[in-house]
**Q** 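This is the structure I want to talk about, given as structure tokens.
Both counts, for ligands and for their atoms, begin at 1 and track the order of listing.
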Amino acid sequence: MLQDRLGRELRDLRISVTDRCNFRCVYCMPEGDYVGLDRSEILRLEEIERLAKIFVRLGVRDVKLTGGEPLVRKGVERLIARLCAIQGVEDLSLTTNGSLLKNHAKPLFKAGLRRLNISLDTLDNEMFQAITARGSLKSVLDGIFAAKEAGFSPVKLNTVIRKDLNADQIVPIARFGRQHGFEVRFIEFMDTGNGNGWDPSKLLEKAQILEILASAGFSLVSKGRHYKNTPAVSFKTLDGSLKLGIIASVSEPFCQGCTRARLTADGKLVTCLFASMGFDLKRVLRSGAGDEEISSAISRVWEGRTDRYSEERLERLRSGKSPFDPKEQKLEMVRLGG
Ligand code: SAM
Ligand code: SF4
Ligand code: SF4
């Protein structure tokens with residue numbers, strides 16, 4: 001089994017199928033006009049499938065499609081059907097902003113997808129506009145219910161919490177999840193990319209999120225992490241009416257259990273969400289390399305991996321140092337795949 005320098009296996013692969021997005025979320029998008037990648041730079045569906053097969057032979061079991069917004073990529077259902085057919089894939093899921101789900105939910109289910117994460121940061125129309133800059137809350141809600149109707153289970157709602165922006169949405173979203181049978185996952189706001197204005201004052205930590213829920217009468221029991229490589233810590237209400245997770249990447253980093261590789265839309269292999277560069281797998285692939293050569297390249301990158309950014313960030317925060325070096329340019333989330 002392939003292991004990195006800190007003994008972590010390669011188990012999960014996040015594939016960004018596009019760097020394009022129909023939203024401009026304030027916590028994700030770089031400032032100014034984002035210039036997307038040239039079409040010729042983007043991996044073709046067959047190239048993604050071929051790389052996925054090689055990753056699975058190297059030990060990957062869980063595959064997640066993401067972006068940008070994965071549903072703006074033409075042929076995503078075809079890709080899902082192909083990935084479902086790969087022997088060894090135990091879990092295939094997709095993360096979406098939900099805006100195009102109304103029309104995609106059934107075709108995605110038909111293609112074999114069973115797990116969806118849908119981003120929902122607010123139930124308030126005005127706040128939705130302020131966060132996403134484009135799109136409509138109604139389209140997202142329609143998408144969420146279309147997913148339920150199509151048979152997706154569980155439907156997980158992802159809510160990024162920025163203290164100064166949508167902390168008052170924690171309780172309404174938890175109630176919404178409980179009312180309709182959706183799992184809810186609150187995500188601590190992270191310093192991804194270079195221009196999302198992160199600073200510690202905008203962080204609402206897991207413990208504070210739990211306090212807010214407790215004050216609103218949610219009696220939550222901790223279930224821990226499902227597996228040591230699962231980012232979310234799980235909770236359940238005493239009466240079982242709501243399943244909830246918190247991804248506390250900042251206050252309780254989980255780098256020790258991080259078995260995740262990322263493949264960007266333009267074919268870079270990236271070993272950390274906060275990396276400043278990736279290894280150009282597309283160049284190897286398009287140079288006519290055979291599967292063995294590609295496999296060796298991936299192995300070399302993974303075996304050299306030492307990433308533990310979030311643990312280092314917490315160490316810096318605790319010692320009163322600046323949490324990050326502004327001179328160090330990170331890859332943008334929209335390109336990297338969240
Ligand atoms: N467009 C899709 C969506 O929004 O679900 C998929 C890509 S998005 C980059 C993947 C996930 O990353 C979303 O759940 C999003 O909320 C989350 N995300 C983006 N920026 C973040 C940040 N600064 N901190 C925490 N989570 C973030
Ligand atoms: Fe928002 Fe997702 Fe688009 Fe980022 S990629 S701007 S989180 S919808
Ligand atoms: Fe993994 Fe990097 Fe996140 Fe740590 S900071 S959990 S190494 S992606």
**Q** I'd like to know whether CD of E315 has more than 12 heavy-atom contacts from other residues, nucleotides or ligands below 6.0 angstrom.
**A** yes
**Q** Looking at F23 versus F128, is the centre-to-centre ring distance below 6.0 Å?
**A** yes
**Q** Out of all atoms in ligand 1, which are within 4.0 Å of some heavy atom of C28? Include the element for each.
**A** 19 (C), 20 (N)
**Q** Less than 4.0 Å between a side-chain N and a carboxylate O, is that true for D121 and R162?
**A** no
**Q** Quick test: of every protein heavy atom, which one is nearest to atom 14 (O) of ligand 1, and how far off is it to 0.1 Å?
**A** S119 OG, 3.1 Å
**Q** Check this for me: does any side-chain nitrogen of one of R14 and D12 sit under 4.0 Å from a carboxylate oxygen of the other?
**A** no
**Q** May I ask you to identify the nearest protein heavy atom to atom 17 (C) of ligand 1, giving residue, atom name and distance to one decimal place in Å?
**A** M333 CE, 3.7 Å
**Q** Considering only the protein, which heavy-atom contact is closest to atom 20 (N) of ligand 1, and what is its distance?
**A** Y27 CD1, 3.2 Å
**Q** Using a 4.0 Å cut-off to any heavy atom of T66, which atoms of ligand 1 qualify?
**A** 6 (C), 7 (C)
**Q** Regarding R262 and the six-membered ring of F274, is the cationic atom NZ or CZ under 6.0 Å from the ring centre and inside 45° of its axis?
**A** no
**Q** Which atoms from ligand 1 have a heavy atom of F189 less than 4.0 Å away?
**A** 23 (N), 24 (N)
**Q** Can you name the atoms of ligand 2, numbered from 1 with element, that are less than 4.0 Å from a heavy atom of F23?
**A** 6 (S), 8 (S)
**Q** If the cut-off is 4.0 Å to any non-hydrogen atom of G68, which atoms of ligand 1 fall inside it?
**A** 1 (N), 2 (C), 6 (C), 7 (C)
**Q** Which protein heavy atom lies closest to atom 1 (Fe) of ligand 3, and at what distance to 0.1 Å?
**A** C258 SG, 2.4 Å
**Q** For the residue pair D124 and N166, confirm or rule out a side-chain donor-acceptor distance under 3.5 Å.
**A** no
**Q** Cut-off 3.5 Å, side chains only: do S276 and E328 have a donor facing an acceptor?
**A** no
**Q** Charged N to carboxylate O under 4.0 angstrom, R57 versus D291?
**A** yes
**Q** State plainly whether the residues D91 and K64 are in salt-bridge range, i.e. N to O under 4.0 Å.
**A** no
**Q** Going by the atom numbers of ligand 3, which of them fall below 4.0 Å from some non-hydrogen atom of F274?
**A** 5 (S)
**Q** To the nearest 0.5 Å, how far apart are CZ in F254 and OG1 in T259?
**A** 10.5 Å
**Q** Are the charged groups of E49 and R44 less than 4.0 angstrom apart, N to O?
**A** no
**Q** Given the side-chain rings of F182 and F152, with only the six-membered ring counted for Trp, is the space between their centroids under 6.0 Å?
**A** no
**Q** Under 3.5 Å between any N/O of P70 and any N/O of ligand 1: does that happen in this structure?
**A** no
**Q** At a non-hydrogen distance cut-off of under 4.0 Å, which region of C25 contacts ligand 2 (side chain, backbone, both, or neither)?
**A** both
**Q** Identify the closest protein heavy atom to atom 4 (Fe) of ligand 2: which residue and atom is it, and at what distance?
**A** C28 SG, 2.4 Å
**Q** Ion pair present between E252 and K206, side-chain N to carboxylate O less than 4.0 angstrom?
**A** yes
**Q** What atoms in ligand 3 come closer than 4.0 Å to a heavy atom of S310?
**A** 5 (S)
**Q** Taking 4.0 angstrom as the limit, do R11 and D62 come out as a salt bridge?
**A** no
**Q** Contact between ligand 2 and G68 is defined here as a heavy atom of the residue under 4.0 Å from a ligand atom; is it met?
**A** yes
**Q** Provide, to 0.1 Å, the distance between atom 7 (S) of ligand 3 and the closest protein heavy atom, together with that atom's residue and name.
**A** D307 O, 3.6 Å
**Q** Under 4.0 Å from a heavy atom of E69: which atoms of ligand 1 are those, numbered in the order shown and with their elements?
**A** 1 (N), 2 (C)
**Q** May I ask you to identify the nearest protein heavy atom to atom 24 (N) of ligand 1, giving residue, atom name and distance to one decimal place in Å?
**A** M190 N, 3.0 Å
**Q** Give the atoms of ligand 1, by number and element, whose distance to some non-hydrogen atom of G67 is under 4.0 Å.
**A** 7 (C), 9 (C)
**Q** Quick test: of every protein heavy atom, which one is nearest to atom 3 (Fe) of ligand 2, and how far off is it to 0.1 Å?
**A** C21 SG, 2.3 Å
**Q** How close does the nearest protein non-hydrogen atom get to atom 2 (Fe) of ligand 3, and which residue and atom is it?
**A** C272 SG, 2.3 Å
**Q** Who's the nearest protein heavy-atom neighbour of atom 16 (O) of ligand 1, and how far?
**A** V160 CG2, 3.1 Å
**Q** For atom 4 (Fe) of ligand 3, does an N/O/S atom of C255 lie at less than 2.8 Å?
**A** yes
**Q** Does the plane of the ring in F145 sit parallel, tilted or perpendicular to the ring in H180? Use 30° and 60° as the thresholds.
**A** perpendicular
**Q** Could you check whether any heavy atom of G98 sits closer than 4.0 Å to an atom of ligand 1, since that is the contact criterion I want to use?
**A** no
**Q** Could you list which atoms of ligand 1 come closer than 4.0 Å to a heavy atom of T192?
**A** 22 (C), 23 (N)
**Q** Could you tell me whether N196 approaches ligand 1 through its side chain, its backbone, both or neither, with non-hydrogen atoms closer than 4.0 Å?
**A** side chain
**Q** Quick one about S93 and N117 (side-chain donor to acceptor, distance below 3.5 Å, no hydrogens or angles considered), yes or no?
**A** no
**Q** Going by the order shown, which atoms of ligand 1 are within less than 4.0 Å of some heavy atom of N158?
**A** 14 (O)
**Q** Which residue holds the protein heavy atom closest to atom 8 (S) of ligand 3, what is that atom called, and what is the gap in Å?
**A** L273 N, 3.3 Å
